[in-house]
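Along the sequence shown, residues are numbered consecutively beginning with 1. This one's a predicted model, so the numbers in the text were calculated from it and none came from an experiment.
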Amino acid sequence: MGTVTPADPHPAFLADKGGKVFLAGHRGLVGSAIHRRLLALGFTEVVVRTHAELDLTRQAAVEAFFAAERPRYVVLAAAKVGGIHANSTFPADFIAANLQIQTNVVDAALRCGSVRKLLFLGSSCIYPKFAPQPIPEASLLSGPLEPTNEWYAVAKIAGIKMCQAYRIQHGLDAVSAMPTNLYGPQDNFHPENSHVLPALIRRFHEAKATNAAEVVVWGSGSPLREFLHVDDLADAVIFLMDQYSGLEHVNVGSGSEVTIKELAELVKEVVGFQGKLIWDSSKPDGTPRKLMDSSKIQAMGWMPKVPLREGLVETYKWYVDNVIADKNK
């Protein structure tokens, strides 16, 4: 699966560390982890561009970049992302920007003639709101989406289908990976736009810093969620670039669940907040369970390595050393 065969004279990805890799979105949570991993593995030609240097929503700019750089591999981790509030407020931005980025990069990768493999990164929000649990890859397009992020989800589904179409019609070796909820260094700790885990880290840290008596968290704490450290996702991306060349997208998750209550207690302990944790059960819980079925990639030989507590300790340290330190400068 993606390794060398008599019909394929090219070396596998991990055997071609001098090959030029274009990593789109290298500054984000996911892209920065993949960047660190590529460099640690000894890849010598990792090409990156900031948004100011290359606007991926501009077709002519993307085509010119590919024509000039002629990368051998492409990892597409660039996307316009945000929480429920941002998705609900700017639906046109989310669907348009993501469709433009995907279309421009995948099409330019084919046209430039040098790309041997491309990996597109999506999100677990591509699945129907009431998908079976754990969610298998086959659940795609089997029911209505969660309305609060359907604009982003529709764009990501289009990205998967574009990779499949370019494989079928043009023979482009384009694969797609769908990660579960991610966390780690470079996460977004914004007070309004962050996801549950960085939001909890921020709130408990601020409560500790102000000697607050309690922290109130919405809901009952009963919903189950799955979390994957972003370094584990980076390993999975490298693994799929090296080992997988199938048509179907691949789920990437930890395979383990934690209740929001257990998660909050763990974050409270890691941060060192000594006050009370209060649950406001008058507020909504959201989806009761959201677990990805990652048996496909695990059967290929990939397994996550970072335990949740260890990952939280590292993420909190990064938050203190970077976000808090920058604020206090």
Side-chain angles (χ1 to χ4, degrees), residues 1-5 8-54 56 62 64-79 101-102 104-106 108-122 159 163 166-167 172-179 182 184-187 228-246 249-250 252 297 300-306 311 314 318:
M1 292 185 293
T3 49
V4 182
T5 66
D8 179 10
H10 301 309
F13 181 65
L14 281 170
D16 192 19
K17 289 173 183 169
K20 188 179 282 190
V21 183
F22 172 45
L23 172 58
H26 72 288
R27 283 183 161 179
L29 171 66
V30 172
S32 61
I34 297 169
H35 196 200
R36 289 192 300 273
R37 192 74 187 119
L38 287 169
L39 296 179
L41 286 167
F43 281 84
T44 56
E45 292 283 330
V46 182
V47 179
V48 295
R49 292 288 186 275
T50 63
H51 177 74
E53 292 167 333
L54 176 62
L56 294 174
V62 174
F65 166 80
F66 271 83
E69 289 292 338
R70 296 187 57 76
R72 195 173 293 171
Y73 305 101
V74 177
V75 177
L76 180 45
I101 290 167
Q102 295 156 196
N104 293 342
V105 171
V106 175
L110 173 72
R111 289 177 185 275
C112 79
S114 64
V115 174
R116 291 182 191 166
K117 185 147 196 172
L118 178 147
L119 184 140
F120 168 73
L121 274 157
C163 287
Y166 273 55
R167 175 182 289 277
L172 180 67
D173 189 1
V175 299
S176 300
M178 300 299 120
L182 300 167
Q186 304 286 343
D187 210 336
L228 182 73
H229 193 283
V230 73
D231 287 351
D232 277 333
L233 174 63
D235 271 344
V237 165
I238 305 298
F239 178 86
L240 292 170
M241 285 291 288
D242 189 64
Q243 295 287 326
Y244 183 68
S245 287
H249 63 284
V250 181
V252 184
I297 190 170
M300 286 183 239
W302 174 88
M303 292 292 287
K305 298 183 183 75
V306 183
E314 182 210 15
W318 185 89

Exercise. Taking all atoms of both residues into account, what is the closest heavy-atom pair of Phe22 and Val47, and its distance?
Worked result: CD1-O, 3.4 Å

Exercise. What distance separates Asp242 CG from Met300 CE, expressed to the nearest 0.5 Å?
Worked result: 12.0 Å

For this session: Please report the closest heavy-atom contact between Arg116 and Pro11, naming both atoms and the distance.
Result: NH1-CD, 3.8 Å

Exercise. Between Trp318 and Gln186, is any pair of side-chain heavy atoms under 4.5 Å apart?
Worked result: yes

Seminar exercise, completed: Nearest heavy-atom contact between Val252 and Trp302 is CG1-CH2, 3.8 Å

Exercise. Quick one: are His26 and Val46 in side-chain contact, heavy atoms under 4.5 Å?
Worked result: no

Seminar exercise, completed: Rounded to the nearest 0.5 angstrom, the CG-CZ distance for Leu119 and Phe239 is 12.5 Å

Problem set entry | Backbone N/O of Ser245 and side chain of Arg167: donor-acceptor pair under 3.5 Å | yes

For this session: Check step by step if side chain to side chain contact (heavy atoms under 4.5 Å, CB included) holds for Ile101 and Leu76.
Result: CA-CA 9 Å; Ile101 290 167; Leu76 180 45; 4.0 Å; yes

Exercise. Which heavy atom of Ala77 sits nearest a heavy atom of Leu121, and at what distance?
Worked result: CB-CD1, 3.8 Å

Exercise. Looking at side-chain heavy atoms only, is the closest gap between Pro304 and His229 below 4.5 Å?
Worked result: no

For this session: Write down the atom of Arg49, the atom of Glu69, and the distance for their closest heavy-atom approach.
Result: NH2-OE2, 2.9 Å

Exercise. Between the side chain of Ser114 and the main-chain N/O of Arg72, is any donor-acceptor distance below 3.5 Å?
Worked result: no

For this session: Could you please spell out the steps behind the side chain to side chain contact (heavy atoms under 4.5 Å, CB included) verdict for Tyr244 and Asp173?
Result: CA-CA 10 Å; Tyr244 183 68; Asp173 189 1; over 6 Å; no

Exercise. Are any non-hydrogen side-chain atoms of Phe13 and Lys117 less than 4.5 angstrom apart?
Worked result: no

For this session: Specify the closest pair of heavy atoms between Gly19 and Tyr73, including all atoms of both residues, with the distance to one decimal.
Result: CA-CE1, 4.3 Å

Exercise. Any side-chain heavy-atom pair from Phe120 and Gln102 closer than 4.5 angstrom?
Worked result: yes

Can you list, pair by pair, the side-chain donor-acceptor contacts under 3.5 Å of residues 31-42, counting residues two or more places apart and other chains?
from  : atom 1 : to     : atom 2 : distance (Å)
Ser32 : OG     : Gly28  : O      : 2.6
Ser32 : OG     : Leu29  : O      : 3.2
Arg36 : NH2    : Asp231 : OD1    : 3.0
Arg37 : NE     : Asp235 : OD1    : 2.4
Arg37 : NH2    : Asp235 : OD1    : 3.4

For this session: May I ask you to decide if Leu56's main-chain N or O and Asn104's side chain share a donor-acceptor pair within less than 3.5 Å?
Result: yes

Exercise. Got Val175 and Cys163 here, is their nearest side-chain heavy-atom distance under 4.5 Å?
Worked result: no

Problem set entry | Leu110 side chain reached by Leu118 side chain, heavy atoms, under 4.5 Å | no

Exercise. How about Thr44 and Lys17: do any of their side-chain heavy atoms sit closer than 4.5 Å?
Worked result: no

